[in-house]
Number of protein chains: 2
Amino acid sequence: MERKRADIIADQIEELIFDGSFADGERLDETQLAARFSVSRTPIREALQRLALSGLVDQLPRRGVFVHHPGPVELMNMFEVMAELEASCARFAAQRITEDALAELDAVNGRCSTAVADRDIETYFLENELFHQMLYRNAANPFLEQECLRLQRRLRPFRRMQLRLRGRLSQSMAEHEAVVAAIRAGDGVEAGEVMRAHVAVQGEKFHHLVARLKPAAE
Amino acid sequence: MERKRADIIADQIEELIFDGSFADGERLDETQLAARFSVSRTPIREALQRLALSGLVDQLPRRGVFVHHPGPVELMNMFEVMAELEASCARFAAQRITEDALAELDAVNGRCSTAVADRDIETYFLENELFHQMLYRNAANPFLEQECLRLQRRLRPFRRMQLRLRGRLSQSMAEHEAVVAAIRAGDGVEAGEVMRAHVAVQGEKFHHLVARLKPAAE
DNA sequence: GTCAATGTTTTTGTATACAAGATGGGCATG
DNA sequence: CATGCCCATCTTGTATACAAAAACATTGAC
């Protein structure tokens, strides 16, 4: 159940920013957006506020809001934080997970595996997200879970675009299994470290990807 | 320079929530607040939205916003996350801090020390905050720094109220020195673990405090 | 010709007016 | 007497009107 018009609009604008419909630094005109969504400026302003607090746009006082696409350095930073948070989740989960949840984790991991075998990137992406979310959940700390979900959502488009890198799928899969094994063994430290590496490598891979693209753009 | 009226109001309402002027679960009436601050409902609504996204109030669709004081369990969760984030900061700082920044860290720690000697809780609280903020800074990850500052601010009132526990000041001081020593030695893992314990103990101490108060309230 | 100052215009921030949903009480009915 | 339904009222959500500040362009001076 959506709360109100402003929230639906916030999600839609967010989507437009994610899929690149708005260029980096572009000003988002309240009046234009109001016309586009057939509402008044009020809900638009509320939506933009939300996006500003999420960090998707920069809001300059009395100047307007400007879309803010994170650069490679900023992305590295965000992935680094994600890696730390997920490592914590894995470590906690190793101590706190229930037998049932562990079985579920196996099930999700299995579905990831078949997706890899089928070369079904889309399914893998979804099940992979679910896998990570289950770890957040089983850290048994709702606040931590929320923070993780927030960042996961924020980094979503960037994780997606680098799944196409050769060999990443099977590598990622192997890392998942190592995490589960460590959790099953109750080895929190190991689970945390494997998880940290698993997430951090994404940031690094992304960094390389951008580094490779940059010379071409110049 | 504050951005606009709504932001000033947001800070003021936040302050009112922190210092307990609004009870847990109390509804914040937009019209009343508008009258209180001598503005229209518009900036009030913007302020309340900000608070909702910070988690200080719960916003129920078409029902209103209700102040949300975190309970003991929620606080434990938040302190746990804070401990994880600060541990990460310490670990990164051990690898990334400059000689100059390390000297500054020593200076702040020195001021903490004299505050302890003087039994000057207020000064200690301030310098202590600065100490932690310097670690966030020297993790050399602005995104991580921002997240830490956010949570630090959120937990501020709760850290404050438990500084009065006997012996906490000198214990805290010793932990600071252990962190600095580990960082100076470049031992990231050690710095992280000491830091984690240093922050986590606050959450636990708080938990005990509440547990002790609870029977009295019943 | 260029730069600066001022007036115009556009755009953000705030106030008010209006609409729609939620709360609470009264009345009717079982 | 209890319970459920309906209506009045209040509160939130949205639209519009107004104010103030910034961007822009035009014009004048050097």
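So that the names make sense, note that chain A is the first sequence line, chain B the second, and so on, each numbered from 1.
Salt-bridge annotation for E129(A) and R156(A): present, with a side-chain N of the basic residue lying under 4.0 Å from a carboxylate O of the acidic one. Using a cutoff of 4.0 Å between basic side-chain nitrogens and carboxylate oxygens, R45(B) and E46(A) are scored as salt-bridged. A salt bridge links D11(A) to R153(A): one of the charged nitrogens lies within less than 4.0 Å of a carboxylate oxygen. Looking at E104(B) and R137(B), no side-chain N of the basic residue comes within less than 4.0 Å of a carboxylate O on the acidic one, giving no salt bridge. Salt bridge present: E175(A) and R168(A) bring a charged side-chain N and a carboxylate O closer than 4.0 Å.
No side-chain N or O of Q146(A) forms a donor-acceptor pair with one of Y136(A) less than 3.5 Å apart.
In this structure, CG of D29(B) is placed 14 Å from C1' of dG13(D), rounded to the nearest angstrom. Between the CG atom of L60(B) and the P atom of dT12(D) there is a distance of 11 Å, given to the nearest Å. If you measure from atom CZ of R63(B) to atom P of dC10(D), you get 18 Å, rounded to the nearest angstrom.
Contact record, A94(B) with A191(B): CB-CB, 4.4 Å, taken as the closest heavy-atom pair.
Around CZ of R96(B), the count of heavy atoms belonging to other residues, nucleotides or ligands within 6.0 Å exceeds 12.
When DNA chain C is scanned in the 5' to 3' direction for atoms under 4.0 Å from non-hydrogen atoms of chain A, the outermost contacting nucleotides are dT11(C) to dT14(C).
Shown for residues 34-49 of chain B: residues whose heavy atoms fall under 4.0 angstrom of DNA chain D, namely R41(B), R45(B).
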